[in-house]
Amino acid sequence: MELNLKAAFFWPTNSTIVRSLKFSTKVYLQRAVFRVLWQASPHRAIERAMRLMLTPPRHAFSDAELLTLEEASLLPIPLISGRLIAWRWGSAADPAVVLLHGWGGRGTQLRGFIAPLLAQGFSVVAFDAPGHGMTGGRESSLPHIQQALDAVLDHLGSVHAIVGHSVGGAVAAGALARRSVIGCAVLIAPPASLAASSRRIAEKLAWPEPLRAAMQRRIEYRFGVNWSEFEAERVSGEQPLLVIHDREDREVPLSEGRRHVINWPRARLLATRGLGHRRLLEDPAVIKAAADFIAGARPIHEAAQRRTVVTPSLGEGAGGRVVP
């Protein structure tokens, strides 16, 4: 199979990199390269590991995605590093819901949520993070994505909810904690630990722990932020939160979604089966649950206040089943 060894980033728990790191001849070769570099030139090994972690992949837009964009209004948003490409569906007078993609993704990957949210009376805004999709730049990271989301939120002024997938979910949680004016959020397969995630990638590439740790320190120094700040337990707020996570997610374990739920006072968990990491974004039952939650059609049950609830079955969904 073809392997994109650049498919890694500041928060390395996304489906793109994990799919890319299946055992193959190229993986073994990459392991050999790092093994030799680490012995011969540790500095070069660390630099190579950093480049891998900070370079997102880009993929061609599908016809379905391009058709979705034709129905939107372009919403260019200025950034210090350039211009962020965003789109709005619906009227600017309606409450806004922001869609936030994961690593190596783009805003249109969450297009299934647009029509249900419009039907609930919201406008929908999606964007391509720096280094992703139609937004410029080759490098990205969790701080890049945070900065982009903050720019979107500042530009919109008032936002009712955020829907974030994978690392986008983790970034959405941070924004919700910092901005009490945001009404709620839906986190889909969110990672909960940056350090633990990097260890999973290091294991796939057979990096020695000193190499992984040195890479982490270099990235922390470069961005001026400690990875411990991104642990789920460091982020919390008072707004309602829905976490949707599949029991068979091989990229981000269900346990990481549970950590967000346990830590957030008004959170509930919707656990699915058979949808993995990405098919959640296309499942009708998942999309309906998210839209209903955002619209307030399904109020938080008292049990959710105790942080332990798992949503009962919502019936069959495309490609999988929502389960208790």
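Side-chain atoms are counted along with the backbone in the values below, which use heavy atoms only and exclude waters and symmetry mates.
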Rounded to the nearest 0.5 Å, what separates atom [atom1] in [X] from atom [atom2] in [Y]?
X: W264; Y: L176; atom1: CH2; atom2: CG; value: 4.0 Å
X: R58; Y: D128; atom1: CZ; atom2: CG; value: 8.0 Å
X: D292; Y: I287; atom1: CG; atom2: CD1; value: 12.0 Å
X: L99; Y: I162; atom1: CG; atom2: CD1; value: 10.0 Å
X: L242; Y: I188; atom1: CG; atom2: CD1; value: 8.5 Å
X: F293; Y: K288; atom1: CZ; atom2: NZ; value: 14.0 Å

Subject >> Set of residues satisfying salt bridge (charged side-chain N to carboxylate O under 4.0 Å, His left out) with respect to E233, sequence neighbours excluded >> reply: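 Partners of E233 under the salt bridge (charged side-chain N to carboxylate O under 4.0 Å, His left out) test: R259.
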
**OP:** Please list, chain by chain and in numerical order, all residues satisfying salt bridge (charged side-chain N to carboxylate O under 4.0 Å, His left out) with R212, sequence neighbours excluded.
**Re:** E209

Donor-acceptor pair, [X] side chain versus [Y] backbone, under 3.5 Å?
X: H101; Y: S166; result: no
X: D246; Y: L254; result: no
X: T55; Y: L52; result: no
X: E220; Y: W227; result: yes
X: E256; Y: A192; result: yes
X: Q239; Y: A177; result: no
X: T272; Y: L275; result: no
X: H155; Y: V152; result: no

Should [X] and [Y] count as side-chain neighbours, where that means a heavy-atom distance under 4.5 Å?
X: P56; Y: S140; value: yes
X: V98; Y: V163; value: no
X: L241; Y: L187; value: yes
X: F223; Y: L142; value: no

Of all the heavy-atom pairs spanning [X] and [Y], show the shortest one and how long it is.
X: S158; Y: A96; answer: O-CB, 4.0 Å
X: L100; Y: A172; answer: CD2-N, 4.2 Å
X: P130; Y: L84; answer: CD-CD1, 4.0 Å
X: P191; Y: A170; answer: O-CB, 3.8 Å
X: A290; Y: F113; answer: CB-CE2, 3.7 Å
X: L79; Y: Q147; answer: CD2-O, 4.1 Å

Original post:
Counting heavy atoms not belonging to D63, are there more than 12 under 6.0 Å from its CG?
Top reply: no

**OP:** Step through the shown structure and confirm whether more than 12 heavy atoms of other residues, nucleotides or ligands are within 6.0 Å of CD on E47.
**Re:** yes

Partner set under side chain to side chain donor-acceptor pair (under 3.5 Å) for [X], not counting sequence neighbours:
X: R222; answer: E139
X: R178; answer: D150
X: E203; answer: none
X: R234; answer: none

Using the salt bridge (Lys or Arg N to Asp or Glu O under 4.0 Å) rule, collect all pairs that involve [range], keeping only residues at least two apart or in two chains.
range: residues 88-105; result: none
range: residues 95-111; result: E65-R106
range: residues 73-86; result: none

**OP:** Verify the distance criterion only: is there a donor paired with an acceptor across the side chains of H132 and T135 at less than 3.5 Å?
**Re:** no

**OP:** Go through the steps to decide whether H160 and I182 satisfy the test side chain to side chain contact (heavy atoms under 4.5 Å, CB included), and finish with yes or no.
**Re:** CA-CA 5 Å; H160 178 73; I182 300 174; over 6 Å; no

Original post:
Is V33 isolated, or which residues cluster with it under the ILVMFWY side-chain rule of less than 4.5 Å, directly or via members?
Top reply: L37

Original post:
What residue pairs, at least two apart or across chains, pass ring pair (Phe, Tyr, Trp, His ring centres under 6.0 Å) with a residue in residues 174-217?
Top reply: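 Counting only pairs at least two positions apart or across chains, the ring pair (Phe, Tyr, Trp, His ring centres under 6.0 Å) contacts touching residues 174-217 are F34-W207.
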
Subject >> Residue pairs involving residues 64-95 (criterion ring pair (Phe, Tyr, Trp, His ring centres under 6.0 Å); sequence neighbours excluded) >> reply: none

Original post:
Step by step, would you call V97 with V159 a side chain to side chain contact (heavy atoms under 4.5 Å, CB included)?
Top reply: CA-CA 6 Å; V97 176; V159 170; over 6 Å; no

Are [X] and [Y] within salt-bridge range, i.e. N to O under 4.0 Å?
X: R279; Y: D283; answer: no
X: D249; Y: R273; answer: no
X: R278; Y: E251; answer: no

Applying the 4.5 Å side-chain criterion to the ILVMFWY set and letting contacts propagate, would [X] and [Y] be lumped into a single cluster?
X: L74; Y: L67; result: no
X: F230; Y: Y221; result: no
X: M215; Y: V36; result: no

Original post:
Between V243 and L270, does a side chain to side chain contact (heavy atoms under 4.5 Å, CB included) hold up when you go through it step by step?
Top reply: CA-CA 6 Å; V243 176; L270 171 58; over 6 Å; no

**OP:** Please work out whether the ring planes of H165 and H277 are parallel, tilted or perpendicular, with thresholds of 30° and 60°.
**Re:**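 Ring orientation of H165 relative to H277: tilted.
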
**OP:** Tell me, with the steps shown, if I114 and E71 meet side chain to side chain contact (heavy atoms under 4.5 Å, CB included).
**Re:** CA-CA 11 Å; I114 296 173; E71 302 170 353; over 6 Å; no

**OP:** Answer yes if the ring centres of H245 and H260 are under 6.0 angstrom apart, and no otherwise.
**Re:** no

